[in-house]
Structures are given as structure tokens and as C-alpha cells.
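These notes are about the structure you will find just below.
Excluded from the calculations below are hydrogen atoms, water molecules and symmetry mates; all remaining heavy atoms, backbone and side chain alike, are included. In what follows, chains are A, B, ... by sequence order, proteins preceding strands, each numbered from 1.
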There are 2 protein chains.
Amino acid sequence: MRSSSYIPQPEETNLSEFKFFKHLTDTEIGKLNYDKTCQTYKKGSVVYREGTRLTGFYCVTNGILKIYKTGIDGKEQIIRFVKQGDIIAFRSLLSQELACTSAKVIDDAVLCHIPYQTLLYLLQNNWKFSHWMIQILCRELREANDYITDIAQKTVRERLAEVLLLLKDNFDVDDDGTLQISLTREELANMVGTATESVIRLLSEFKQDKLIELKGRKIRFLDVPTLRRMASI
Amino acid sequence: MRSSSYIPQPEETNLSEFKFFKHLTDTEIGKLNYDKTCQTYKKGSVVYREGTRLTGFYCVTNGILKIYKTGIDGKEQIIRFVKQGDIIAFRSLLSQELACTSAKVIDDAVLCHIPYQTLLYLLQNNWKFSHWMIQILCRELREANDYITDIAQKTVRERLAEVLLLLKDNFDVDDDGTLQISLTREELANMVGTATESVIRLLSEFKQDKLIELKGRKIRFLDVPTLRRMASI
DNA sequence: ATGCAATTGTGACCAAAATTACATATTTTG
DNA sequence: CAAAATATGTAATTTTGGTCACAATTGCAT
């Protein structure tokens, strides 16, 4: 179930390790570690739900989560998968809106909650940090725009190939090219924006074409260049 | 061609009128007006092009532009339409990436160019302004995520209805309910993410169903509630 | 271990929307 | 103003991908 055999205890977490906080001074890191609350979450638990008010944002210390929106008749659209070092819930928090996505644990996770006031304090007092925040938002905005274009213009096959490559670049792949993150076909479909059956069919096709190998939910990459060409990127 | 009979001369522009700059002090507004360069752009001209390096961002003083990405074999995906008071090109500028979109004038426009250094100076020295910038980015990010869900889950008919309502809310509508912005069928298609022929067909259908009235490129709203229900929002 | 629930896989069928191919308007430009 | 270019409209056809139905398998909880 858990992807690594060692899960750090919440108390030991030191947020200074994470890139997101790289511009903070020692004093600020001290305040951050003092204000934070860390907690473990079991697979399947929901960290926050669309439509609720957030009291802070979270830094992922360990594990994997999916961030998704609930669309027409409950069908979920996965916006992104997050892992160690990623931060979540900051978008709705900073615009002081209700959460526009939900976050569900896919692989047992440890998250640190940082209160809104602490974030505001850091943004206000450390220009480098707030500039870094702006750059992260800008990058995410570009990715979102890219994805809009993809979903509007590419076929399901192209998008599935692209999502597989995206997972390969962002999550652990072991020595023989096997993707460590394990998603259901439905989750893949909800990321690609298609029906579960289509994903099943296309994965079989990719397997037939010797692009990937399938062992249950584990996907092993056999021919990345062709996959890349197929994704038209 | 031009939507209003009076086009302000670039020199007269005072940026303090625009909401985006509402948190700046008088001194800062002074610096801004001093650093800016305003220019008129004719319909069809391209303000900046995808892949180029930006030297600053623009504030739209007048006119209408489309912001779009060029996807597979040159098909453009329109990300948004902008008008008076909107700012453009700040995303790529702030993340210091090459422009990921292009901006083309749809209705003769006047734009003010504000250099990168000026923006950085203002962000760094005025917390309220930089917080406002963060909030704008967050809002755009939410809109992008919403649109991803829409495009992935809704039918073309639903999306077209939604785009029409979005245009109605963001652009001038005259007394008898006629949308003043005039777009080609192809531009509508590139916003909705579909083929031009599909837009033509669906617009005729909407007209048959007495939801809208068509006079060339002018669209007049007859039954907004039904349209809203059709868009499933 | 056993049984229920969820997931995966497959095939047939259907609906939505893209593509193709033209005909007709309408803009734009020389 | 006329010619050329661009945009609009329509119909026929094809493709893609969604839906439905059902079987087989796997996972999970008691």
C-alpha cells in the first residue's frame, strides 16, 4: 500500500527541507515549524472538500494525493497529482474563495497544515518568498492553459500518452522503467478526461504496440520515444 | 469597425483609472505613468507572439483582443478575450518564461506597455499591490481549472451556450440584448474548442429554438434562462 | 477463508462531432 | 468598383469515443 517503507513521524518534520520555503530566513522557518500542524492521512481520506472554507494550506511531506473537481453528475476531473514537497490548497486560500477542488489521499500521506495568517505574514514580510509564490502561480497558470489546449484539440489517445509521460516525469520510476505510482483505470480516465473503458482499451493497444507493459496497475515503459511522438509534444 | 466612436489618444491615458492599479500610491502612479508607453493597434495586429521574450506587460486602455495558444497544425485555442482595464502578458513575464500565448487585436485598441522593472519595483515595494496581483493570479487559475473540467466533461452545445453567456457578462450588451462584441464563427469555435461548422450548426439551432437572434455576426439574446440551463451552470 | 464490492476487461451499439465537399455571402483590397 | 479572399451555411459521410451490458478478476472486510 505505502510506496516507501519508512513514513516519517509528523513531529520530526522540518519544513526547511522543501523547495517551496527556500527563501525563508532561519527565524521565519522557526515560526513556520512552530505554527504548523502535521498529521498522517490514510489512503482514501479526504483532506479538504470542494465548497468548504480553508483555514490554511498544506505541504505534502509524504505520500500522494489527487486534486480534483467534481463536474457533471459527480464525475471527477483530476487537475493534478501531488507528492512530497508539493503544496496544496493555496489557490483558494489566497483568493479567499471556497475551495474549488477536493484533495484525496491515493498513497498514505503526511501533511503539514500552515495557517492562513502565517502564510500572509511570510508573504508580506519576505519579498523573495512572495515573488517565489507569484512565480509558482504563474507556472501553474501556464500548465493549466497548456492543458486546456490539449484537451480541446488532442484525441484521447494523444492525451493518454501525454498523461503517462507526465506521470513518468513527476513520479518515481524504478530501474526497469516501472512507474511506481499506482492508479486505477478510472483515475487515469478522470485525468485524461475520458471514459474508463476508453483508457482500458487504449492501454491494451499501447501494450500490443509494445509501448508499455502492464502488470495489474503497474505500468512499465518500453518505448518512450514513440510514446512521446504519439502525444505530439 | 471600431466599437466606440471615440478613441482616446495614447498620451492622455492615466492609468490610475484602472482597478488593477487601485492599491498604488500617488507617487507610484506617477512613476507608472512616466514609465509607460502607450500605442494604438489596428484590428488584426499582433501585440506579442507565442515564443517571444516579453519586456513588460500591457494594460488595455481601449479595444478588444484575443489571447490564444497555437495548438496542433496551427489551430488556435482562444484562452480569453480582453477589454478595457484588463492586463495581459503578465503571466509569462512574471515567471520569466517565453510568451506561451499570442495576443491579436479584434477591435482597434490602445495599449499601455509597462516595463518589467517597473512591475517588479511596484510588487516589491507595495505589499497591497503584490497581494492584489497574487489574488488576480489565483482567480485566473480557478477559472482555468473550471474550464478544464468544462471542456473535458461538457458537450459542445453546453460549452457554446456557456461561452455566449460569458461574453454577455463580460462585454457590452446594448438595450435590446445585442452583444456588441463581434466575433467570427471560427473565433467562437476556437474559444469553445470545436469545429467552425459545429458552431454554425448550433447557432442556427439556438436561433430555431428562439434562444438567440442572428444578424450577421451580431448575436441578440432572447432567452437567457433557457440558455443558462442548457449550459448546465 | 469466504463472500461481497469494486475494478478490469470485452464486445456491440450508438451518438456526437469532425471532416469533406460545395454553394453562397460577405468583406477586404487593389 | 470589381476581383479576390475570407467567411458562412448546408448536407453527406466517417470517425471517435461514449454508453450499455455483462463476464472475469481482484481486492477488501468480516
Would you say F221(B) and K168(B) make side-chain contact, with heavy atoms under 4.5 Å? yes

Non-neighbouring partners of E162(A) that pass side-chain hydrogen bond (donor to acceptor under 3.5 Å, both in side chains), sequence neighbours left out: K154(A)

Extract all donor-acceptor atom pairs below 3.5 Å that involve side chains of residues 224-233 of chain B and protein atoms in other chains or at least two apart in sequence.
| unit_1 | atom_1 | unit_2 | atom_2 | d |
| --- | --- | --- | --- | --- |
| T226(B) | OG1 | D223(B) | OD1 | 3.1 |
| T226(B) | OG1 | D223(B) | OD2 | 2.6 |
| S232(B) | OG | E158(B) | OE2 | 2.5 |

Could you run down nucleotides 5-12 of chain C 5' to 3' and tag each one B, S or - for protein heavy-atom contact under 4.0 Å? --SSBBBB

Given atom CG of L202(B) and atom C1' of dA15(C), what is their separation to the nearest angstrom? 14 Å

Scan residues 68-82 of chain B against DNA chain D and write down, sorted by residue number, each residue with any heavy atom closer than 4.0 Å; if none is found, say none. none

In whole angstroms, how far is the C1' atom of dT27(C) from the NZ atom of K218(B)? 15 Å

Expected list for residues 83-93 of chain A: side-chain donor-acceptor pairs under 3.5 angstrom, two or more places apart:
| unit_1 | atom_1 | unit_2 | atom_2 | d |
| --- | --- | --- | --- | --- |
| K83(A) | NZ | N170(A) | O | 2.7 |
| Q84(A) | NE2 | T61(A) | O | 2.8 |
| D86(A) | OD2 | K83(A) | N | 2.8 |
| R91(A) | NH1 | S95(A) | OG | 3.3 |
| R91(A) | NH1 | E97(A) | OE1 | 3.1 |
| R91(A) | NH1 | C138(B) | O | 2.7 |
| R91(A) | NH2 | E97(A) | OE1 | 3.2 |
| S92(A) | OG | C100(A) | N | 3.3 |

Pairs touching residues 202-219 of chain A that satisfy side chain to side chain donor-acceptor pair (under 3.5 Å), sequence neighbours left out: R157(A)-E205(A), E213(A)-R220(A)

Give the table of side-chain donor-acceptor pairs shorter than 3.5 Å for residues 195-202 of chain A, with sequence neighbours excluded, one pair per line with atom names and distance.
none

Who passes ring-ring contact (aromatic ring centres under 6.0 Å, His included) against Y58(A), sequence neighbours left out? H113(A)

Length of the line joining N190(B):CG and dT8(D):P, which is rounded to integer Å: 12 Å

Please report the distance, rounded to the nearest Å, between CD in E205(B) and C1' in dA16(C). 12 Å

Go through the structure and list residues passing side-chain hydrogen bond (donor to acceptor under 3.5 Å, both in side chains) with T101(B), not counting sequence neighbours. Y48(B)

How bent is the helix from dA1(C)-dT30(D) to dG30(C)-dC1(D), measuring the angle between the end axes built from five pairs each, rounded to 10°? 60°

Whole-Å distance between dT6(D) P and K43(B) NZ? 14 Å

Out of dG17(D), dT19(D), dA17(C), whichever nucleotide has its closest atom nearest the side chain of A195(A): dT19(D)

OP1 or OP2 of dA18(C) sitting under 4.0 Å from any side-chain N/O of S198(B)? yes

To the nearest Å, how far apart are Q153(B) CD and dG17(D) P? 17 Å

Out of the candidates K66(A), K69(A), R49(A), only one should pair with E76(A) under the salt bridge (Lys or Arg N to Asp or Glu O under 4.0 Å) rule; please name it. K66(A)

Let me know the distance between CD1 of I106(B) and C1' of dT6(D), rounded to the nearest Å. 16 Å

For Q153(B), check side-chain hydrogen bond (donor to acceptor under 3.5 Å, both in side chains) against everything at least two apart and list the hits. none

Partners passing side-chain hydrogen bond (donor to acceptor under 3.5 Å, both in side chains) against D176(B) (at least two apart in sequence or in another chain): T178(B)

